Amino acid sequence: MGSAVVSNTQAHELRASLFRGREVADARFRSLTAWPGEGAVRDLAADDGSLFWEDGDVLRTGLLDAMDAAPFLRTTDLPSQATEGSG
């Protein structure tokens with residue numbers, strides 16, 4: 001069945017960090033890099049690695065939409081990530 005891409009605790013911390021501002025949310029997001037679903041979550045980032053992108057004078061994020069989809073994503077749904085030089 002696979003494990004969740006982001007644990008419930010991580011999801012809660014990410015959601016809560018949105019209310020503390022961009023810097024806090026981005027810091028929490030950057031800390032999520034050492035589990036099997038890292039590649040799927042990294043795709044949420046804008047070109048500069050932030051969870052946010054500018055839309056005119058407004059900062060936007062797709063995090064909440066992604067979190068709504070999280071229960072449907074499992075690590076078994078992700079393509080295998082071969083490391084360079086293996087196989």
Side-chain angles (χ1 to χ4, degrees):
M1 179 171 188
S3 59
V5 172
V6 175
S7 73
N8 289 338
T9 300
Q10 291 168 324
H12 173 74
E13 290 176 359
L14 273 171
R15 184 181 294 113
S17 71
L18 290 175
F19 297 99
R20 299 190 67 201
R22 180 181 184 170
E23 289 181 9
V24 173
D26 281 341
R28 175 61 60 196
F29 179 67
R30 284 191 302 273
S31 74
L32 301 178
T33 60
W35 82 97
E38 173 213 353
V41 174
R42 187 179 19 216
D43 290 341
L44 292 172
D47 291 338
D48 63 356
S50 175
L51 279 173
F52 301 87
W53 67 90
E54 291 183 26
D55 183 10
D57 293 336
V58 177
L59 286 175
R60 301 201 184 271
T61 183
L63 179 63
L64 295 176
D65 292 332
M67 291 177 83
D68 286 343
F72 304 102
L73 300 174
R74 308 305 253 176
T75 56
T76 56
D77 298 332
L78 302 173
S80 62
Q81 298 175 4
T83 58
E84 203 171 86
S86 66

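For this chain, numbers begin at 1 and follow the sequence in order. If you're wondering where the values come from, they're calculated on a predicted model, not measured in any experiment. What you see below is based on every heavy atom in this structure, not just the backbone, and it leaves out hydrogens, waters and symmetry mates.
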Participant: Check side chain to side chain donor-acceptor pair (under 3.5 Å) between Ser17 and all other residues, then give those that pass, not counting sequence neighbours.
Facilitator: none

Participant: Which pair of non-hydrogen atoms, one from Ala25 and one from Leu14, has the smallest distance, and what is that distance?
Facilitator: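 Closest approach of Ala25 to Leu14: O-CD2, 4.4 Å.
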
Participant: Can you list, pair by pair, the side-chain donor-acceptor contacts under 3.5 Å of residues 55-64, counting residues two or more places apart and other chains?
Facilitator:
unit_1	atom_1	unit_2	atom_2	d
Asp55	OD2	Arg60	NE	2.6
Asp55	OD2	Arg60	NH2	3.4
Thr61	OG1	Leu51	O	2.9
Thr61	OG1	Leu63	N	3.2

Participant: Could you tell me which residues satisfy side chain to side chain contact (heavy atoms under 4.5 Å, CB included) with Ala46, sequence neighbours excluded, listed by chain and number?
Facilitator: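 Asp48, Trp53.
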
Participant: Assess whether side-chain contact (heavy atoms from CB on, under 4.5 Å) is satisfied between Leu18 and Phe29, documenting all intermediate values.
Facilitator: CA-CA 10 Å; Leu18 290 175; Phe29 179 67; over 6 Å; no

Participant: Around Arg20, counting heavy atoms of other residues, nucleotides and ligands shown, do more than 12 lie under 6.0 Å from its CZ?
Facilitator: no

Participant: Taking side chain to side chain contact (heavy atoms under 4.5 Å, CB included) as the test, write out the residues that go with Asp47, two or more places apart.
Facilitator: none

